[in-house]
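A, B, ... follow the sequence lines: proteins, then strands. Residue 1 opens every chain.
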Number of protein chains: 4
Amino acid sequence: MPRAVREQQMLDAAVQIFGQRGYMAASMDEIAELAGVSKPLVYLYLNSKEGLFTACIRREATALTEAVRAGVRTDLPVDRQLWDGLQAFFAHTAEHPDAWSVLHLQARTHGEPFAAEVAAMRTEIVSFVTRLVAIAAREAHRDPDLAEREVAGFAEALVGAAESLATWANATEGVTARQAASTLMNVTWSGLGSLMRGHHWVPPAGED
Amino acid sequence: MPRAVREQQMLDAAVQIFGQRGYMAASMDEIAELAGVSKPLVYLYLNSKEGLFTACIRREATALTEAVRAGVRTDLPVDRQLWDGLQAFFAHTAEHPDAWSVLHLQARTHGEPFAAEVAAMRTEIVSFVTRLVAIAAREAHRDPDLAEREVAGFAEALVGAAESLATWANATEGVTARQAASTLMNVTWSGLGSLMRGHHWVPPAGED
Amino acid sequence: MPRAVREQQMLDAAVQIFGQRGYMAASMDEIAELAGVSKPLVYLYLNSKEGLFTACIRREATALTEAVRAGVRTDLPVDRQLWDGLQAFFAHTAEHPDAWSVLHLQARTHGEPFAAEVAAMRTEIVSFVTRLVAIAAREAHRDPDLAEREVAGFAEALVGAAESLATWANATEGVTARQAASTLMNVTWSGLGSLMRGHHWVPPAGED
Amino acid sequence: MPRAVREQQMLDAAVQIFGQRGYMAASMDEIAELAGVSKPLVYLYLNSKEGLFTACIRREATALTEAVRAGVRTDLPVDRQLWDGLQAFFAHTAEHPDAWSVLHLQARTHGEPFAAEVAAMRTEIVSFVTRLVAIAAREAHRDPDLAEREVAGFAEALVGAAESLATWANATEGVTARQAASTLMNVTWSGLGSLMRGHHWVPPAGED
DNA sequence: TATGAATGAGGGTTCATTCAT
DNA sequence: AATGAATGAACCCTCATTCAT
């Protein structure tokens with residue numbers, strides 16, 4: 001069997017085991033057995049447990065960003081772009097829960113070599129959202145400088161909320177990607193509208 | 001030295017090690033050494049690694065909810081209550097990053113005995129937020145039935161965003177609890193206002 | 001059983017296994033079994049295979065130099081001192097062949113951490129011999145400067161020959177320590193006498 | 001490429017790796033890669049790691065004895081023969097340090113199949129030296145019977161010293177083959193002269 | 001109340017070796 | 001004549017856990 005095919009089989013097995021057991025609790029034995037190969041072959045192709053894990057992260061990060069990108073048509077209005085992107089995101093994480101566990105939980109829980117890998121993906125998604133929000137702000141004729149700082153925090157909160165919802169949707173029966181996306185659009189996009197109209201929430205003065 | 005005191009020392013050490021190394025990578029040896037006691041004593045008091053970890057989760061979950069509760073005065077307006085609760089939440093997680101890592105990352109990454117433990121705390125916080133949102137909805141004279149379903153999703157998204165921001169604030173230099181809380185209030189509370197005034201975002205028809 | 005005693009048992013076993021199998025071929029399992037303890041205990045006390053091997057080298061190097069030192073009385077004539085030292089050396093290496101294999105073969109065959117350890121011992125022995133030869137030279141009224149360079153080469157050759165003879169005597173039936181020492185005294189001490197009387201062997205001229 | 005050529009390339013690589021890493025630490029992978037062939041080909045030609053190592057020993061043992069033999073002209077005086085033989089020996093071991101490591105260190109450190117192989121070579125060299133010493137003894141009109149026993153020990157010590165000096169010269173900067181040979185001639189051949197003239201060193205009586 | 005001494009079990013990694021082509 | 005693909009076995013090391021005191 002050609003090397004490339006075997007490698008994908010190994011990554012399939014590894015994502016499943018890493019996603020379910022966690023990085024440390026996963027054993028190379030179990031992964032090799034699930035992949036239907038011997039352990040030395042896994043080491044021959046992926047070098048080490050770290051190498052295998054990194055390869056998983058990279059493959060799944062690419063797959064997720066690819067899925068979101070494929071769901072969005074940049075010639076549509078920005079709110080529609082955000083809606084489509086969220087739908088694609090929630091659909092992909094729901095269809096690949098182990099991959100999502102690897103990216104969101106495992107990769108961030110086990111130190112630098114891995115956290116950096118997934119941070120790159122996150123940055124890409126955050127800047128996609130930032131761009132959408134910035135366009136919306138411009139369309140609303142907001143002061144660009146002021147908007148820029150707000151926009152960054154806004155995008156960060158939106159992506160964070162989306163990540164939380166994805167995990168929550170995976171863990172909760174009967175929550176569809178469409179519902180998750182809908183909730184998020186209502187909360188954030190409507191909020192964005194208010195912000196654009198100048199409805200800031202002003203913290204009480206004289207503290208901290 | 002009395003047992004209760006020793007136990008707290010052990011939990012202090014355990015939270016630190018679990019939070020920094022992760023549940024699996026933490027070794028009982030290291031925890032015992034940091035606590036300044038011998039390993040058998042740890043087993044005598046906490047029974048097992050699982051028992052120790054569970055005790056950590058319980059103590060820190062209680063401490064976090066207690067901190068939030070202490071920060072809120074129920075006789076103030078609801079938006080002020082949410083603001084105060086968020087400030088307390090972000091302040092506590094910033095002051096106890098290891099504890100937050102245990103609760104948010106480790107406990108959810110290592111399977112059922114622990115995930116359930118932290119889920120209870122989360123439920124408590126979500127219902128606190130749900131109550132606040134429900135009150136706001138009632139004050140805006142919204143249809144209560146409709147609101148209830150929306151309110152649940154809203155609260156879930158808000159708490160999820162808060163959790164993400166807490167981790168992000170811990171990892172990012174120069175982000176204060178006040179700033180994190182402010183960002184979140186602007187995004188969600190303003191959004192809530194829009195919702196209350198009926199500014200729903202309506203998904204495009206005929207899909208999925 | 002107290003730790004110090006167990007440690008010596010482990011070193012006894014390790015010297016035997018390392019001496020017979022060689023450093024790389026020796027397995028920690030076999031050493032632990034021969035010592036009558038479990039493998040983790042070996043690691044608890046000696047840290048690693050390298051640590052165990054280093055401890056063996058140190059113990060046996062000390063034992064060998066101690067044995068030679070104990071055999072020599074510095075108030076006797078120098079030839080008698082050399083004779084006694086050689087006898088002690090050959091007797092010790094014959095009684096502890098595994099230790100000699102560890103020091104002479106294994107430690108020098110497996111790289112720097114170990115080679116340096118045994119080099120220290122060798123230096124000590126070489127300088128002991130150098131001192132004896134230098135005294136003999138002085139007694140023969142030789143030019144000290146000239147002697148010094150010759151003396152170094154002489155001591156090196158003598159110690160090298162002794163090491164070779166020790167291994168050879170261990171491998172050959174019926175060669176006693178006394179015989180080995182006698183052979184070496186005849187070859188080298190008589191040669192030293194000739195040298196002292198100016199009987200150099202002069203190499204043929206005109207060659208590289 | 002013809003088999004004979006490939007085989008020599010493999011042995012070249014193997015001697016280098018075995019000499020530098022040691023027999024056990026050398027990996028067939030590394031040897032095959034250095035030889036520029038695939039691993040199965042090494043097995044096809046040399047059968048096993050043991051077979052490969054044995055072939056190395058045999059080739060290098062032959063090369064070394066051949067080099068010594070080529071350096072000696074049997075029609076010259078015996079001391080000149082010894083001098084020429086030593087020069088050839090030290091020159092060859094200096095030019096082929098990996099081969100010398102294989103013969104002197106590795107082959108003797110890893111048990112019977114290999115030790116026997118190199119013992120044969122050593123016997124050949126010892127008897128060459130023995131013959132030279134015996135001739136010198138006869139020329140000095142010594143009692144032949146007495147000489148024979150002495151001669152054996154003498155040759156053994158001389159060869160042992162030469163082996164030690166070869167390793168020492170390889171490890172020490174700036175020691176030439178000529179210097180090593182010169183040191184050894186001075187120590188032993190002068191000593192032999194003394195012996196021939198009856199200057200025995202007599203051990204102290206009444207011991208051991 | 002507290003610990004020094006000890007271990008069963010298992011994990012990551014490597015290696016000599018072979019088969020099918 | 002030569003190799004890509006694959007593995008059984010073994011090794012170093014660590015860890016959660018317990019006994020005897």
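- More than 12 heavy atoms of other residues, nucleotides or ligands shown are found within 6.0 angstrom of CD on Gln9(D).
- Around the CD atom of Gln20(A), the shell of radius 6.0 Å holds more than 12 heavy atoms that belong to other residues, nucleotides or ligands.
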Under 3.5 Å, which protein N or O atoms sit close to an N or O of nucleotides 4-7 of chain E? Give each pair with its distance.
residue	atom	partner	partner atom	Å
dA6(E)	OP1	Arg6(C)	NE	3.0
dA6(E)	OP1	Arg6(C)	NH2	3.3
dA6(E)	OP2	Tyr45(C)	OH	3.0
dT7(E)	OP2	Ser38(C)	N	2.9
dT7(E)	OP2	Ser38(C)	OG	2.8
dT7(E)	O5'	Ser38(C)	OG	3.3

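- As a whole-Å value, the separation of Ile31(D) CD1 from dA16(E) P is 8 Å.
- To the nearest angstrom, C1' of dG12(E) lies 16 Å from CD1 of Ile17(A).
- Within 6.0 Å of the CD atom in Gln8(D), the count of heavy atoms belonging to other residues, nucleotides or ligands exceeds 12.
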Inset, instruction - Run the numbers on Met24(B) and Tyr23(A) for side-chain contact (heavy atoms from CB on, under 4.5 Å), then give the verdict. - result: CA-CA 9 Å; Met24(B) 300 271 354; Tyr23(A) 174 62; over 6 Å; no

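- Mapped onto DNA chain F by nearest heavy atom, Tyr23(C) and Asp29(B) fall at different nucleotides, with Tyr23(C) at the one closer to the 5' end.
- Nearest nucleotide to the side chain of Met28(C), out of dT18(E), dT17(F), dC12(F): dC12(F).
- If you take OH of Tyr43(D) and P of dG4(F), they are 16 Å apart, rounded to a whole angstrom.
- Following rounding to the nearest Å, Arg21(B) (CZ) and dC15(F) (C1') show an atom-to-atom distance of 15 Å.
- Applying the 6.0 Å contact sphere to CZ of Arg21(A) captures no more than 12 heavy atoms from other residues, nucleotides or ligands.
- Per the geometry, CG belonging to Leu46(D) stands 14 Å off C1' belonging to dA16(E), to the nearest Å.
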Inset, instruction - List the steps and the verdict of side-chain contact (heavy atoms from CB on, under 4.5 Å) for Leu52(A) and Lys49(A). - result: CA-CA 5 Å; Leu52(A) 176 56; Lys49(A) 196 182 187 182; 5.6 Å; no

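- Distance Lys49(B) NZ to dT14(F) P: 15 Å, rounded to the nearest Å.
- With a cut-off of 3.5 Å on both Watson-Crick or G-U wobble distances, the partner of dT17(E) is given as dA6(F).
- Nucleic acid contact for Ala26(B): sugar-phosphate only, since backbone atoms but no base atoms lie under 4.0 Å from a heavy atom of the residue.
- If you measure from atom CE of Met24(C) to atom P of dA16(E), you get 10 Å, rounded to the nearest angstrom.
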Inset, instruction - Walk me through it: do Thr54(C) and Phe114(C) pass the test side-chain contact (heavy atoms from CB on, under 4.5 Å)? - result: CA-CA 6 Å; Thr54(C) 303; Phe114(C) 314 128; 3.5 Å; yes

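- Rounded to a whole Å, the CD atom of Glu50(C) is 13 Å from the C1' atom of dC13(F).
- Pairing partner, dA1(F): none, since no Watson-Crick or wobble contact has both distances short of 3.5 Å.
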